Amino acid sequence: MYSLTEIKNSWNIDKSNTISFLNSILENDTYKIILSVIEHSKTVYQIHEEISLPLSSIYKRIKKLEDLGVISIDKITINAKGRKLIFYKSKIKNLTFNLNEKDVNLFIT
């Protein structure tokens, strides 16, 4: 599987890898996490409150999205109780794809 960086930097990614990347983003409401952190970085709990997915699912999907290079840690802070808060932010601002019988084109900004 190609990462976001590899896809953005290559013109020769084959159709199956492009579809696999899109599937990873669109499956099981994973895209909702990306949409949640496009504008502002958020913690897992803030994402959970916004999109109502189970915390365990959000943690798993964030790890997958980090591995793909789609989201990253924006900042880490310590709250008043001494707990570490990790804020995630999307690296994708816009994703457009064109699907036809001959090819799949993916445009990411």
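As the structure is a computational prediction, the values presented were derived from the model and not from experiment. Numbering starts at 1 and runs along the sequence shown.
One finds the CD1 atom of I58 at 5.0 Å from the CG atom of L53 (value rounded to the nearest 0.5 Å). Atom CD1 of residue I33 and atom CD1 of residue I38 lie 12.5 Å apart, to the nearest 0.5 angstrom. Note that OG of S36 is 5.0 Å distant from CD1 of I47, once rounded to the nearest 0.5 Å. Rounded to the nearest 0.5 Å, atoms NZ (K32) and OG (S52) are 8.5 Å apart.
Looking only at side-chain heavy atoms (C-beta outward), T30 and I25 stay at 4.5 Å or farther from each other. In this structure the side chain of I34 reaches within 4.5 angstrom of the side chain of L65, judged on heavy atoms. Looking at I62 and V44, their side chains come closer than 4.5 Å, going by heavy atoms from C-beta outward. Put simply, the side chain of F87 does not reach to within 4.5 Å of the side chain of H40, judged on heavy atoms.
Placement of Y59 and L85 in two distinct hydrophobic clusters is found when ILVMFWY residues are connected by side-chain heavy-atom separations under 4.5 Å, directly or transitively. Residues I76 and Y45 are members of one and the same hydrophobic cluster, defined by side-chain heavy-atom contacts under 4.5 angstrom among Ile, Leu, Val, Met, Phe, Trp and Tyr.
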query: Stepwise, does the side chain to side chain contact (heavy atoms under 4.5 Å, CB included) test hold for L22 with L95?
result: CA-CA 10 Å; L22 285 170; L95 185 143; 3.8 Å; yes

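With sequence neighbours excluded, no residue forms a side-chain hydrogen bond (donor to acceptor under 3.5 Å, both in side chains) with K60. Contacts of E27 classified as salt bridge (Lys or Arg N to Asp or Glu O under 4.0 Å), with partners at least two apart in sequence or in another chain: K64. Residues that satisfy the salt bridge (Lys or Arg N to Asp or Glu O under 4.0 Å) test with K89, not counting sequence neighbours, are absent from this structure. Taking E50 as the reference, K42 meet the salt bridge (Lys or Arg N to Asp or Glu O under 4.0 Å) condition, with sequence neighbours excluded.
Residue pairs meeting the side-chain hydrogen bond (donor to acceptor under 3.5 Å, both in side chains) criterion with at least one member in residues 68-86, sequence neighbours excluded, are S41-D74.
Using a distance-only test at 3.5 Å, with no hydrogens or angles considered, no donor-acceptor pair links the side chain of E49 to the main chain of Q46.
Among K63, R61, E66, K91, the one residue that satisfies the side chain to side chain contact (heavy atoms under 4.5 Å, CB included) test with I71 is E66.
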